[in-house]
Amino acid sequence: MSPSERICYVVCLIPKGKVLPYGKVADLAGLPGRARYVSRALRLSPPSQQIPWHRVINSQGKISFDTNSNQYREQVELLRLDGVIVNTGKISISKFQWQPDIATLVMSLPF
DNA sequence: AAGATGACGTGCT
DNA sequence: GAGCACGCCATCT
């Protein structure tokens with residue numbers, strides 16, 4: 001499995017209603033310290049894969065797109081559909097809605 | 001070939 | 001908290 005494949009794999013494991021920072025995704029995919037690689041992989045991943053990219057946010061619990069961009073709006077939209085609370089204005093996720101279970105789950109994968 | 005870029009993170013002021 | 005400087009490294013100019 002290639003690094004980008006592992007990244008997509010991990011992202012696909014994020015349950016609806018939860019989010020995970022880029023850095024954590026990188027760690028779980030076996031690429032510690034390479035959060036940027038995650039953003040790249042998601043950007044280059046074909047839409048046909050239906051990857052829940054919107055569940056990946058930055059370590060500050062915020063969306064990493066420019067507030068004016070339509071990508072930002074799209075991510076907010078998708079997160080709301082997931083039931084995730086996003087504050088307008090300060091634009092941030094309510095809290096880190098990620099459970100340790102995800103980590104242990106991912107750790108037991110056939111990488 | 002060399003420099004800039006980026007859906008990031010951490011540490012410091 | 002808000003900036004800033006770095007570290008990171010595949011991709012683009």
Side-chain angles (χ1 to χ4, degrees):
Chain A
M1 238 176 161
S2 74
S4 41
E5 284 177 315
R6 290 202 301 275
I7 288 173
C8 292
Y9 198 96
V10 170
V11 173
C12 286
L13 292 177
I14 306 173
K16 179 179 179 181
K18 306 283 179 186
V19 294
L20 212 54
Y22 295 92
K24 202 64 80 175
V25 172
D27 290 345
L28 296 174
L31 301 164
R34 300 173 61 182
R36 294 193 101 117
Y37 195 97
V38 174
S39 61
R40 224 176 8 239
L42 291 179
R43 178 166 47 82
L44 301 174
S45 81
S48 57
Q49 293 264 331
Q50 300 272 119
I51 295 167
W53 57 272
H54 59 283
R55 296 179 189 155
V56 185
I57 59 177
N58 64 33
S59 67
Q60 304 170 60
K62 295 193 275 186
I63 289 175
S64 290
F65 286 112
D66 202 79
T67 314
N68 312 319
S69 69
N70 42 338
Q71 314 185 74
Y72 169 82
R73 284 186 276 276
E74 187 181 359
Q75 186 162 13
V76 171
E77 166 81 17
L78 292 170
L79 283 173
R80 292 222 163 108
L81 287 174
D82 272 11
V84 174
I85 299 170
V86 182
N87 305 329
T88 48
K90 276 297 183 184
I91 309 121
S92 55
I93 311 295
S94 60
K95 264 288 186 183
F96 270 65
Q97 313 172 322
W98 100 295
Q99 38 189 336
D101 322 2
I102 303 176
T104 53
L105 173 63
V106 174
M107 290 316 247
S108 59
L109 290 177
F111 280 165

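Quick note on labels: first sequence line is chain A, next is B, and so on, each numbered from 1. Values in this document were obtained by computation on a predicted structure and should not be read as measured data.
In terms of heavy-atom proximity, A:Ala41 sits nearest to A:Ile7 at CB-CD1, 3.9 Å. Contact between A:Phe65 and A:Ser69 at its shortest, heavy atoms only, is CB-OG, 3.6 Å.
In this structure, CD of A:Gln60 is placed 15 Å from P of B:dA7, rounded to the nearest angstrom. Rounded to a whole Å, the CZ atom of A:Phe65 is 12 Å from the C1' atom of B:dC8. Atom CG of A:Leu20 is separated from atom C1' of B:dG9 by 14 Å (rounded to the nearest Å). The distance from atom CD of A:Gln75 to atom P of B:dC8 is 11 Å, rounded to the nearest whole Å. Counting to the nearest Å, the C1' atom of B:dC8 and the NZ atom of A:Lys24 are 14 Å from each other. A straight line from CG of A:Leu31 to P of C:dA10 spans 10 Å, rounded to a whole angstrom. A:Tyr72 places its OH atom 20 Å from the P atom of B:dG6, with the value rounded to the nearest Å. Put simply, NZ on A:Lys62 is 10 Å from P on C:dG3, counting in whole angstrom units.
One P atom belongs to B:dA1, the other to C:dC8, and the distance between them is 22 Å to the nearest Å.
Contacts of residues 34-44 of chain A with DNA chain C (heavy atom under 4.0 Å): A:Arg34, A:Arg36, A:Tyr37, A:Arg40.
For A:Ser39, the side chain to side chain donor-acceptor pair (under 3.5 Å) test picks out no residue, with sequence neighbours left out.
Annotation: the span from A:Ile63 atom CD1 to A:Asn58 atom CG amounts to 9.0 Å, rounded to 0.5 Å.
When side chains are defined from C-beta on, A:Ser59 does not count as touching A:Tyr22, because their heavy atoms never get closer than 4.5 Å.
Here side chain to side chain donor-acceptor pair (under 3.5 Å) pairs that include residues 44-55 of chain A, with residues two or more places apart or in two chains, are A:His54-A:Asp82, A:Arg55-A:Asp82.
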